[in-house]
Amino acid sequence: MTAAPVAAPDVGDAGLAAAGRELVAAMLAAPAGTVSPSIYETGRLVGDAPWLPGHAERLRYLLAAQRADGGWGAPGAYGLVPTLSAVEALLSARRTDSREAHRLAPAVDRGVAALRDRLLVAVEPVPDMPGVDLIVPALIDRIDALLDGGAVGRSRPAAPALPMPYGMTRHRADAVGRLLAAGGPVPQKLWHAFEVLDARARVCLPARPVSGAVGASPAATAAWLGDPARAGADPAALAYLTGVVARGGGPVPCTTPIAVFERAWVLSGLARVGAATDVPAELTGGLAAALGPTGAATSPGLPTDADTTAVTLFALARLGRPVAPDSLLAYDTGAHFCTWQGEDGASVTTNAHVLEALGWHTRHRPGRPYADVVRRVAGWLVDGQHPDGSWTDRWHASPYYATASVAASLAEYAPDTAGERLDRAADWVRDTQRDDGSWGLWAGTPEETAYALQVLLGTGRAPRPGLARVVRRALAYLDDHREGTEDVPLWHDKDLYHPVLIVRAAVLAARHLARLTGHAGR
């Protein structure tokens with residue numbers, strides 16, 4: 001699942017080209033995609049599928065990942081979901097295996113304390129991540145039930161129930177429960193979190209999951225499969241699970257495979273700056289084949305969505321294999337584009353990618369009726385800029401990703417209306433550089449530094465004051481921090497994750513921009 005660290009590429013043309021070829025080769029070598037393991041998802045396998053190979057390795061992974069403060073995962077409210085999952089998993093392991101009770105008890109006690117003392121009482125909204133309003137109440141209930149039972153072999157007074165976190169209710173979970181009780185169909189987008197639905201959901205899913213996976217999720221698939229020894233257990237689901245854990249050595253990611261998503265983002269990111277060369281027909285052909293009447297999906301078993309569809313269309317167009325973008329129009333709400341039908345909220349990065357896909361076709365296919373839509377989406381994006389000059393989004397923790405995505409689309413397809421906004425974005429980026437030359441939400445990272453450089457160098461605007469020094473320090477930081485050594489998860493799924501090759505492509509694109517604009521080697 002994870003890729004080996006690589007040295008920072010030579011900033012010369014030959015070195016950049018070689019790094020691009022290495023990325024392409026890496027995608028071909030790992031057709032399921034390369035993504036970091038998830039504490040949340042790994043915890044669900046510990047709790048729900050201890051029979052699956054790699055159980056001991058998953059336990060070790062959870063214990064090693066616990067922070068000094070008792071929690072798991074990223075800082076602040078981002079730590080809630082992984083901590084709930086890890087605590088429930090360790091409580092389940094402690095309860096079902098008396099040999100593990102003594103070893104796991106300290107981690108459990110520290111984790112429960114972190115939940116009670118900090119994560120569940122903080123007045124900080126829980127991040128908007130897939131399935132969170134189903135996952136949190138379900139895990140709280142499971143932890144409460146396990147705590148009530150006490151330690152293995154003895155009883156104790158019932159522990160006080162864990163509270164719901166600030167700003168979260170059980171409304172969505174209750175609504176899904178009523179839907180299941182009525183025998184209604186489970187929306188496809190909920191299959192990805194099947195592990196926190198009750199047993200009634202089983203009859204609402206297909207008899208045989210797509211490619212053996214339920215919602216492209218190891219946890220969802222394990223919960224759907226149940227006891228693998230029971231009569232009628234699906235061998236394809238078992239093969240999917242054993243393959244996933246073998247690739248990751250035990251721990252697992254939230255979503256796999258991610259081939260369409262990974263290839264679309266890598267190739268579009270490189271093509272946007274002219275760095276995608278010698279792309280094999282196998283990759284472009286696979287992306288074209290992923291497009292259907294309603295677009296493309298990140299993975300088999302997930303619903304098609306406007307984000308994956310738009311990035312796939314843009315990548316194909318920039319690589320010389322344009323496909324008419326009519327499938328995108330199904331996601332047009334009249335004001336902006338939804339990521340999928342029935343989406344709560346809206347995504348600026350989805351709309352930035354839609355602007356690129358439709359903008360390219362409007363420019364290169366004048367007969368296409370997308371010009372009015374392009375102007376409307378551009379205006380919606382401009383209106384979403386924060387006063388400080390940044391944008392934020394529901395699919396990534398860092399404002400640098402959102403700002404880079406929006407700035408790239410506006411600079412290319414709405415420069416006349418967005419010029420001043422692009423300058424504000426560049427000023428915000430320049431002014432938030434860290435002392436070591438990096439950028440980052442919690443700490444400096446190569447990924448966020450790459451996005452910052454893309455904003456500063458990729459919009460075609462007049463250079464901002466002090467740009468040369470800012471870029472020089474950023475490139476020095478990238479030289480000192482090899483990709484693969486600081487893989488900080490920042491992307492939103494049920495847990496934060498790190499798409500390794502997509503981030504490498506972002507760094508490579510930033511280096512390419514520095515070369516094109518004459519900043520490399522200064």
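Model, not experiment: these values are computed from the prediction.
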Intermediate values then yes/no, side chain to side chain contact (heavy atoms under 4.5 Å, CB included), Leu302 and Thr255: CA-CA 10 Å; Leu302 293 179; Thr255 302; 4.2 Å; yes
So if I apply the ring-ring contact (aromatic ring centres under 6.0 Å, His included) rule between His353 and each of Phe261, Trp265, Phe314, Trp395, which one comes out positive?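 Single pass found, and it is Trp265.
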Kindly compute the distance separating CD1 (Ile143) from CG (Leu84), expressed to the nearest 0.5 Å.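 Those atoms lie 4.5 Å apart.
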Nearest-0.5 Å distance that lies between atom CZ in Arg376 and atom CZ in Phe337: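 Interatomic distance, Arg376 CZ to Phe337 CZ, rounded to 0.5 Å: 6.0 Å.
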Would you please say whether a donor-acceptor pair under 3.5 Å links the side chains of Lys494 and Ser217?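 A donor-acceptor contact under 3.5 Å links the two side chains.
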Is it true that Ser347 and Asp393 share a donor-acceptor pair across their side chains at a distance under 3.5 Å?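 Side chains of Asp393 and Ser347: pair found under 3.5 Å.
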Checking salt bridge (charged side-chain N to carboxylate O under 4.0 Å, His left out) between Glu412 and each of Arg363, Arg318, Arg272, which is the one that passes?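 Only match with Glu412 under salt bridge (charged side-chain N to carboxylate O under 4.0 Å, His left out): Arg363.
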Pick from Leu283, Leu316, Val311, Thr312: which one makes a side chain to side chain contact (heavy atoms under 4.5 Å, CB included) with Leu267?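 Single pass found, and it is Leu283.
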Spell out, as yes or no, whether a donor-acceptor pair under 3.5 Å connects the side chain of [X] to the backbone of [Y].
X	Y	value
Arg230	Leu225	yes
Asp495	Pro82	no
Asp332	Gly334	yes
Ser85	Tyr40	yes

Shortest non-hydrogen contact from [X] toward [Y]:
X	Y	answer
Glu448	Ser398	OE2-OG, 2.7 Å
Pro399	Leu441	CD-CD1, 4.2 Å
Ala418	Val382	CB-CG2, 4.1 Å
Arg170	Ile140	NH2-CG2, 4.3 Å

What verdict does the side chain to side chain contact (heavy atoms under 4.5 Å, CB included) test give for Val46 and Ser92, after you've listed the backbone C-alpha separation in whole Å, the side-chain angles of each residue and the deciding distance to 0.1 Å? CA-CA 8 Å; Val46 168; Ser92 295; 6.0 Å; no
Please tell me whether His361 and Tyr413 form a close aromatic pair, meaning their ring centres lie under 6.0 Å apart.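 Ring centres of Tyr413 and His361 not closer than 6.0 Å.
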For the aromatic rings, using the six-membered ring if either is Trp, is the centroid distance between Tyr451 and Tyr401 under 6.0 Å?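 Yes.
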Taking Tyr331 as the fixed residue, which of Asn351, Thr304, Asp307 is the one that meets the side-chain hydrogen bond (donor to acceptor under 3.5 Å, both in side chains) rule?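 Going through Asn351, Thr304, Asp307 one by one, the side-chain hydrogen bond (donor to acceptor under 3.5 Å, both in side chains) with Tyr331 is satisfied by Thr304 alone.
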Going through the distances and angles, do Tyr497 and Asp487 end up as a side-chain hydrogen bond (donor to acceptor under 3.5 Å, both in side chains)? CA-CA 9 Å; Tyr497 70 101; Asp487 291 348; over 6 Å; no
Specify whether His364 and Trp360 have parallel, tilted or perpendicular ring planes, treating 30° as the upper limit for parallel and 60° as the lower limit for perpendicular.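 Parallel.
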Side chain to side chain contact (heavy atoms under 4.5 Å, CB included) between Ser409 and Leu381, worked out: CA-CA 10 Å; Ser409 66; Leu381 289 170; 4.0 Å; yes
Please assess Leu496 against Met129 for the test side chain to side chain contact (heavy atoms under 4.5 Å, CB included), listing each intermediate value before the final yes or no. CA-CA 9 Å; Leu496 290 178; Met129 299 175 74; 3.9 Å; yes
With side-chain hydrogen bond (donor to acceptor under 3.5 Å, both in side chains) as the criterion, how do Asp493 and His192 come out once you've worked through the C-alpha distance, each side chain's angles and the decisive distance to 0.1 Å? CA-CA 10 Å; Asp493 199 334; His192 189 51; 2.9 Å; yes
